[in-house]
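Note sheet for the following structure.
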Amino acid sequence: MTGSTVPVYSQSALLLKDVREKYFYNNHHTCYVLKIIEAFKTNPPKEPILIAYYGAASAAAPECGAKNFEKLRLFNKGKELLEEAIKQSPGDFEIRFLRFATQVKAPRFLGYNINIDEDKKLLIKNIETGKEQFKGSPHFNQILKFMLDSGKLNQSEKQFVSSYL
């Protein structure tokens with residue numbers, strides 16, 4: 001995306017499908033998460049899943065070239081939002097994936113990596129639920145590929161996850 005501005009979306013128009021697309025599109029365009037942050041800036045989400053996407057986007061935003069203090073502020077805000085979403089919906093496959101992905105990508109010195117094994121186990125145990133949650137969407141395969149590439153799965157876990165691709 002060259003030379004375009006980040007559009008602002010109203011909370012009511014920002015459906016889960018749109019947020020998912022923006023988050024997963026970020027794999028190709030690192031700063032695409034700014035669209036999610038901008039959308040929720042004036043009207044924060046109330047639903048746990050949208051809170052989690054807001055958190056994951058905020059935690060990923062430091063990659064977009066903010067100043068050091070702003071990077072840490074965004075990351076910490078994202079972390080808080082993710083933890084709030086998990087507190088509200090602890091067994092949700094998608095929310096747990098967002099925290100897993102955030103913690104896998106987070107630099108170790110930030111200390112936000114203590115739930116990787118817990119989230120990985122929940123994701124593997126509930127993989128069928130995840131498949132249903134993303135029925136008809138390419139994002140489930142993106143989740144599985146991320147898990148496989150994360151370096152956090154043992155050989156039997158890799159085989160199990162691969163069987164769903």
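Below, all heavy atoms of this structure are taken into account, side chains as well, without hydrogens, waters or symmetry copies.
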How long is the span from the CG atom in L123 to the CZ atom in F146, to the nearest 0.5 Å?
->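 L123 atom CG to F146 atom CZ measures 10.5 Å (nearest 0.5 Å).
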Distance in Å, D18 CG paired with L50 CG, rounded so as to fall on 0.5 Å steps = 10.5 Å
Would you call R73-E70 a salt bridge at under 4.0 Å N-O?
->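 Looking at E70 together with R73, the answer is yes, because their closest N to O distance falls below 4.0 Å.
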Could you tell me whether E38 and K41 make a salt bridge, using a distance below 4.0 angstrom between a side-chain N and a carboxylate O?
-> yes
Identify, with sequence neighbours excluded, every residue that meets side chain to side chain donor-acceptor pair (under 3.5 Å) alongside K79.
->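 Not a single residue meets the side chain to side chain donor-acceptor pair (under 3.5 Å) criterion with K79.
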Residue that, paired with K152, satisfies side chain to side chain contact (heavy atoms under 4.5 Å, CB included) out of D119, N113, V104 | V104
Sub-6.0 Å ring centroid separation between F40 and Y53 = no
Non-neighbouring partners of [X] that pass side chain to side chain contact (heavy atoms under 4.5 Å, CB included), sequence neighbours left out:
| X | result |
| --- | --- |
| D117 | K120 |
| K121 | none |
| L122 | R96, N126 |
| N154 | S156, E157 |

Relative to F134, does R20 satisfy both conditions: NZ or CZ under 6.0 angstrom from the six-membered ring centre, and within 45 degrees of the ring's axis?
->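 Output yes; distance and angle both within limits.
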Quick one: ring-ring contact (aromatic ring centres under 6.0 Å, His included) partners of F93, sequence neighbours excluded?
->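 Applying ring-ring contact (aromatic ring centres under 6.0 Å, His included) to F93 gives none.
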Using the side chain to side chain contact (heavy atoms under 4.5 Å, CB included) rule, take F160 and L153 through it: C-alpha gap first, then chi angles, then the decisive distance, then the call.
-> CA-CA 10 Å; F160 179 74; L153 277 61; over 6 Å; no
